[in-house]
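Scroll down for the structure; my scribbles are underneath it.
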Amino acid sequence: MKNTLSSHGYSYPVAVSRLSEGETSREPQVLRAIAWLKQQSGGAMVVVTPRKDVDSPSLKKLVTSPGVTHQTWRGFSAASLSGSRVVYAWPDRQQLSDLWNADADAVVVIEWDPQASAEWISNAKPVNLLNGQTVRPDSEIESEKAREPLPNGVEEILGYVASMAAGYSSGLKWNEEDKLKADMMNRPERWASISVEQVRRTCRELGMRPNDVNTVVGFLQRRKDGRRFNVRSSYRDFYFN
């Protein structure tokens, strides 16, 4: 599939237009997003906004242009963006995660809340559109040092989990989650020396969806906090060899 997420981000061009220091209006931020998207090749343009009523003059002009489709958050599905060039205005954290299902030709996000978009930016590694400069993610990618495989068979376990999750459009199934939870309880020594951040990075490198990465990382964090899991009887004694 085209929308595979790797350590280098989505396979289609992706950018985020951010409010720069000293800017008192969001209109330049919107204009940067539109200009970048127009430079990308692909299908028809789609603009996604919170409501039909658009405050930005530039977005208002764009959504009334011939051949441009305007969608709102209500009833919106990221899967509908297939084959389109997309301006996604002011999405929240969950909506950004859902972009995994957008098999788009190009996507530019107009950022509203930097905290809400931080995780998506870390995953997708978009081009950053700022006032007077375009910052590519190359430096961030180059700063990631080569790592050793996770010990105790954890690298292989996460590889298995990632491969299973990739086979379902909705991500991890309950039985794979139960296997992982059972292993964490039945083989605690396997996971004791491995940090949450190590698991997060490995899951991202394996191309797991952001929601699935959060699920796996959440399991490990809960175990490190001393919590136990409710696992169905069929997997209660399970562990990976």
Do any side-chain atoms of residues 188-196 form donor-acceptor pairs under 3.5 angstrom with protein atoms, and if so which ones, sequence neighbours left out?
residue	atom	partner	partner atom	Å
Arg190	NE	Asp183	OD2	2.9
Arg190	NH1	Asn152	O	2.9
Arg190	NH2	Asp183	OD1	3.0
Arg190	NH2	Phe240	O	2.5
Trp191	NE1	Asp183	OD2	2.9
Ser195	OG	Gln198	N	3.0
Ser195	OG	Gln198	OE1	3.4

May I have the list of side-chain donor-acceptor pairs in residues 154-166 shorter than 3.5 Å, sequence neighbours left out?
residue	atom	partner	partner atom	Å
Glu155	OE1	Arg147	NH1	3.0
Glu155	OE1	Leu150	N	2.8
Glu155	OE2	Arg147	NH2	2.9
Tyr160	OH	Glu176	OE1	2.8
Tyr160	OH	Glu176	OE2	3.4
Tyr160	OH	Lys179	NZ	2.9
Ser163	OG	Gly159	O	3.4
Ser163	OG	Tyr160	O	2.7

Can you give each donor-acceptor pair under 3.5 Å made by side-chain atoms of residues 38-49, sequence neighbours left out, with the distance rounded to 0.1 Å?
residue	atom	partner	partner atom	Å
Gln40	NE2	Trp36	O	3.0
Thr49	OG1	Arg51	O	2.7
Thr49	OG1	His70	NE2	2.6

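Side-chain atoms of Tyr12 come within 3.5 Å of backbone N or O of Ala102 as a donor-acceptor pair. Checking side-chain atoms of Asn175 against main-chain N and O of Tyr235 turns up no donor-acceptor pair under 3.5 Å. Without hydrogens or angle criteria, Thr64 side chain to Lys60 main chain gives a donor-acceptor distance under 3.5 Å. At least one donor-acceptor pair closer than 3.5 Å links the side chain of Ser56 to the backbone N or O of Leu59. Between the Thr134 side chain and the Leu130 main chain, no donor and acceptor come within less than 3.5 Å of each other. Although no hydrogens or angles enter the test, the distance criterion places a donor-acceptor pair under 3.5 Å between the side chain of Asn128 and the main chain of Pro126. Under the 3.5 Å distance criterion, the side-chain polar atoms of Thr202 are left unmatched by any main-chain donor or acceptor of Val199. Looking at Gln29, its side chain does come within 3.5 Å of a backbone N or O of Ser17 through a donor-acceptor pair.
Residues Ser97 and Asn211 approach most closely at CB-OD1, 3.6 Å, considering heavy atoms. Looking at every heavy atom in both residues, Glu111 comes nearest to Ile121 through OE2-CD1, 3.7 Å. For the pair Pro50 and Trp90, the tightest heavy-atom approach, listed with the atom from each and the gap, is CD-CE3, 3.6 Å. Glu119 and Asn214 make their closest contact through OE2-OD1, 2.6 Å (heavy atoms, listed as atom of the first residue, atom of the second, distance). Considering every non-hydrogen atom in both Ser20 and Asn131, the closest pair reads OG-N, 2.7 Å.
The CH2 atom of Trp73 sits 5.5 Å away from the CG atom of Asp92 when rounded to the nearest 0.5 Å. Distance check: Leu31 CG to Ser25 OG gives 8.5 Å after rounding to the nearest 0.5 Å. The CG atom of Asp237 sits 9.5 Å away from atom CE of Met185, with the distance rounded to the nearest 0.5 Å. To the nearest 0.5 Å, the span separating CG on Leu129 from CD1 on Ile110 amounts to 10.0 Å. Atom CG of Asp53 and atom OG1 of Thr72 lie 11.5 Å apart (nearest 0.5 Å).
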Just do the side chain to side chain contact (heavy atoms under 4.5 Å, CB included) check on Val30 and Val87 with the steps written out, would you? CA-CA 9 Å; Val30 172; Val87 176; over 6 Å; no

Applying side chain to side chain contact (heavy atoms under 4.5 Å, CB included) to Leu172 and Val216, what does each step give before you reach the verdict? CA-CA 9 Å; Leu172 274 176; Val216 174; 4.0 Å; yes

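Both tests do not hold together for Arg18 against Trp112: distance to the six-membered ring centre under 6.0 Å, angle to the ring axis within 45°.
Taking hydrophobic clusters as Ile, Leu, Val, Met, Phe, Trp and Tyr residues chained together by side-chain heavy-atom distances below 4.5 Å, Val127 shares a cluster with Val108. With hydrophobic clusters built from ILVMFWY side chains whose heavy atoms lie under 4.5 angstrom apart, Val54 shares a cluster with Leu37. When the side chains of ILVMFWY residues are joined at heavy-atom separations under 4.5 Å, either directly or via intervening members, Met184 and Leu206 end up in a single hydrophobic cluster.
Inter-residue side-chain proximity for Val231 and Phe238 is flagged as unmet; no heavy-atom pair is nearer than 4.5 Å. Within the 4.5 Å cutoff, side-chain heavy atoms of Leu99 are placed close to those of Tyr88. Residues Ser84 and Asp105 are not in side-chain contact: their nearest non-hydrogen atoms beyond the backbone lie 4.5 Å or more apart. Side-chain contact between Asp103 and Leu81: absent, with no pair of heavy atoms (C-beta onward) separated by less than 4.5 Å.
Using a 4.0 Å cut-off between charged nitrogen and carboxylate oxygen, Arg201 and Glu205 count as a salt-bridge pair. With respect to Arg232 and Asp178, a salt bridge is recorded, a charged nitrogen being found less than 4.0 Å from a carboxylate O. Residues Glu27 and Arg32 are not paired through a salt bridge, judged by the lack of any N-O separation under 4.0 Å between the basic side chain and the carboxylate.
For residues 212-225, the set of pairs meeting the salt bridge (Lys or Arg N to Asp or Glu O under 4.0 Å) definition, not counting sequence neighbours, comprises Arg209-Asp212.
With side-chain heavy atoms closer than 4.5 Å counting as contact, directly or through intermediates, Tyr239 stands alone and belongs to no larger hydrophobic cluster.
With sequence neighbours excluded, the residues forming a ring-ring contact (aromatic ring centres under 6.0 Å, His included) with Phe229 are Phe219, listed by chain and number.
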